[in-house]
Amino acid sequence: MFNPFKRKEDEQKMKESGRMPPGQSLTQRFPVLHYGPIPSVDLSTWTFKLWGLVEEPSTLTWEEFNQLPRTKIQMDLHCVTRWSMFDTEWEGVLVRSIIEKGLLKIKPEAKYVVQHAEYGYTTNLPLSVMMQDNFLLATHYNGSPLTPEHGYPLRGVVGAIPGRDDLDTPYLWKGAKWIRGLEFLSEDRQGFWEQAGYHNDADIWKEQRTQW
Ligand SMILES: Nc1nc2c(c(=O)[nH]1)N[C@H]1C(S)=C(S)[C@@H](COP(=O)(O)O)O[C@H]1N2
Ligand SMILES: [Mo]
């Protein structure tokens, strides 16, 4: 429930515990933020493609995607527009686990990954970041399937795992809602917001919001 007094209190706690990145403030609601319309999805024709610098490009159906090994993680989300949400719970597929299990074989030259979503939205990350524990191809949020506005049926999501100072943590735009595939590259290629001037690395602790 929205409660302004509780909000301030919780925000203070997060600041004291070192979980609040500079320039952020706590939100109690899950804002919806994206460019363009919300796609409608037919799971019987939905596919997820893996291509570029991979040994074998593949196209997974929804059913096949759901047979991949699954993981649950708790993360704090930080949006470049300055809201932060704490202790959110996500379930889905870790890119590292499909690579480690040999379900996806990437070529050694692959160093960067572009997420491709509906309507041409893209965002880029180094492969090393996408393989961390804090990047998930998520089907569920807080125990339920994603809602259409938050990326149903599948989204990339990236956030901070409390205590994991070893992880790079980018802002939330580095996770594409309505994601339909991953393209593996040897050279970096900037995505939608990055081309518009958002910071390529987007580190929440260094406050890398824009390139200007
Ligand atoms: N496909 C797509 N994914 C997207 C975006 C978008 O415009 N299109 N916006 C990004 C931005 S800027 C943010 S902050 C988050 C917001 O996720 P939310 O709406 O679930 O809060 O989605 C990211 N993923
Ligand atoms: Mo954003």
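Fair warning: this is a prediction, and the values are worked out from it, not measured in the lab. Because only heavy atoms are used, hydrogens play no part in the values below, and waters and symmetry mates are left out as well, while side chains stay in.
- Looking at heavy atoms from C-beta onward, P170 lies out of side-chain contact with I204 at the 4.5 angstrom threshold.
- When atom types are taken as modelled, the side chain of K177 and the backbone of E149 share a donor-acceptor pair closer than 3.5 angstrom.
- Partners of D201 according to the side-chain hydrogen bond (donor to acceptor under 3.5 Å, both in side chains) rule, which considers only residues two or more places apart in sequence or in another chain, do not exist here.
- Side-chain contact between W90 and H140 is absent, with no heavy-atom pair separated by less than 4.5 Å.
- Relative ring orientation between Y35 and F192 is described as tilted, the plane-to-plane angle lying within the 30° to 60° band.
- Taking CG from D203 and NE2 from H78, the interatomic distance works out to 10.5 Å, rounded to the nearest 0.5 Å.
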CA sep, side-chain torsions, deciding dist, call: E89, Y141, side chain to side chain contact (heavy atoms under 4.5 Å, CB included): CA-CA 6 Å; E89 196 181 294; Y141 165 70; over 6 Å; no

Working note: L136 + I73, criterion side chain to side chain contact (heavy atoms under 4.5 Å, CB included); need CA distance, chi angles, decisive distance, verdict. CA-CA 8 Å; L136 200 65; I73 48 175; 3.9 Å; yes

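- Panel note: side chain Q67, backbone E64; no donor-acceptor pair is recorded below 3.5 Å.
- One distance of note links NZ of K15 with OG of S25; it measures 7.5 Å at 0.5 Å rounding.
- The two residues P39 and E118 have their closest heavy-atom pair at CG-CG, 3.7 Å.
- Taking the six-membered ring wherever Trp is involved, the centroid distance between the rings of W173 and Y198 falls below 6.0 Å.
- Using modelled atom types, no side-chain atom of R155 and backbone atom of W178 make a donor-acceptor pair closer than 3.5 Å.
- Judged by distance alone, with hydrogens and angles left aside, the side-chain atoms of N124 form a donor-acceptor pair with the main-chain N or O of G191 at under 3.5 Å.
- Residues meeting the ring-ring contact (aromatic ring centres under 6.0 Å, His included) test with Y152, sequence neighbours left out: none.
- Residues passing the side-chain hydrogen bond (donor to acceptor under 3.5 Å, both in side chains) test with E91, sequence neighbours excluded: R70.
- E187 CD: 12 or fewer foreign heavy atoms inside a 6.0 Å radius.
- R82 places a side-chain N or O within 3.5 Å of a backbone atom of G23 that can act as its donor or acceptor partner.
- Using modelled atom types, no side-chain atom of Q74 and backbone atom of D87 make a donor-acceptor pair closer than 3.5 Å.
- To the nearest 0.5 Å, the span separating CG on L94 from NZ on K72 amounts to 13.5 Å.
- Distance CG/L127 to CZ/F135: 11.0 Å, rounded to 0.5 Å.
- For the side chain to side chain donor-acceptor pair (under 3.5 Å) condition, the pairs that include at least one residue of residues 92-107, sequence neighbours left out, are R96-E100, R96-D133.
- Judged purely by atom type and a 3.5 angstrom limit, R7 uses its side chain to pair as donor or acceptor with the backbone of L26.
- Once rounded to the nearest 0.5 Å, the distance linking NE2 of H199 with OG1 of T210 reads 8.0 Å.
- Residues I161 and T169 fail the side-chain proximity criterion, which asks for heavy atoms closer than 4.5 Å.
- With sequence neighbours left out, the side-chain contact (heavy atoms from CB on, under 4.5 Å) criterion links P37 to Y119.
- Applying the salt bridge (charged side-chain N to carboxylate O under 4.0 Å, His left out) test to D168 and every residue at least two apart in sequence or in another chain returns nothing.
- If you chain together hydrophobic residues whose side chains sit under 4.5 Å apart, L172 and L146 fall into the same group.
- Nearest heavy-atom pair, M85 versus P31, reported as atom, atom and distance to 0.1 Å: SD-CD, 4.4 Å.
- Within the model, atoms CG of L182 and CG of L50 stand 5.5 Å from one another, a figure rounded to the nearest 0.5 Å.
- Between F65 and F48, the ring planes are perpendicular. Angles over 60° get that label, and only those under 30° would be called parallel.
- Counting only heavy atoms from C-beta outward, the side chains of V93 and T71 never approach each other to under 4.5 Å.
- Both I99 and L167 sit in one connected hydrophobic cluster of ILVMFWY residues. Membership requires side-chain heavy atoms under 4.5 Å apart, directly or through other members.
- Taking the salt bridge (charged side-chain N to carboxylate O under 4.0 Å, His left out) definition, one finds that K174 meets it with E194, sequence neighbours left out.
- Residues forming a side-chain hydrogen bond (donor to acceptor under 3.5 Å, both in side chains) with W83 (at least two apart in sequence, or on another chain): T81.
- Cluster annotation: Y121 is not connected to V113 through the hydrophobic network of ILVMFWY side chains, with a link wherever side-chain heavy atoms come within less than 4.5 Å.
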Could you go through the side chain to side chain contact (heavy atoms under 4.5 Å, CB included) check for L68 and N66 one step at a time? CA-CA 5 Å; L68 298 174; N66 282 283; over 6 Å; no

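- For the side-chain hydrogen bond (donor to acceptor under 3.5 Å, both in side chains) test, no residue two or more places apart in sequence or in another chain qualifies with H150.
- For W205, there are no ring-ring contact (aromatic ring centres under 6.0 Å, His included) partners two or more places apart in sequence or in a different chain.
- In the hydrophobic cluster analysis, where Ile, Leu, Val, Met, Phe, Trp and Tyr join through side-chain heavy atoms closer than 4.5 angstrom, L53 is grouped apart from V114.
- With salt bridges taken as basic N to acidic carboxylate O contacts below 4.0 Å, none links E11 and K6.
- Here the side chain of N134 pairs a donor or acceptor atom with the backbone of G159 at under 3.5 angstrom.
- Side-chain contact check for M20 versus S84: some heavy-atom pair is nearer than 4.5 Å.
- In this model, no donor atom of one side chain and acceptor atom of the other lie less than 3.5 Å apart for E109 and S186.
- Taking the centre of each ring, W51 and F184 stay at or above the 6.0 Å mark.
- Using a 30° and 60° split on the angle between ring planes, W62 and W46 fall in the perpendicular class, above 60°.
- Judged by distance alone, the side chain of Q132 and the main-chain N or O of V158 form no donor-acceptor pair under 3.5 Å.
- The shortest side-chain heavy-atom distance between H116 and R180 does not fall under the 4.5 Å cut-off.
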Run the side chain to side chain contact (heavy atoms under 4.5 Å, CB included) check on L185 and K111 step by step: do they pass? CA-CA 6 Å; L185 303 164; K111 294 286 181 263; over 6 Å; no

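- For K13, the salt bridge (charged side-chain N to carboxylate O under 4.0 Å, His left out) criterion is met by D10, not counting sequence neighbours.
- Remark: D42 pairs with no residue by the salt bridge (charged side-chain N to carboxylate O under 4.0 Å, His left out) rule, at least two apart or across chains.
- Counting heavy atoms from C-beta outward, P162 and D76 have side chains that approach closer than 4.5 Å.
- Proximity of a side-chain donor or acceptor of T88 to a complementary backbone N or O of M75 within less than 3.5 Å is detected.
- Residues M130 and L103 share a hydrophobic cluster, clusters being chains of Ile/Leu/Val/Met/Phe/Trp/Tyr side chains in contact below 4.5 Å.
- With respect to the salt-bridge test (charged N to carboxylate O, under 4.0 angstrom), the residues E183 and K49 do not qualify.
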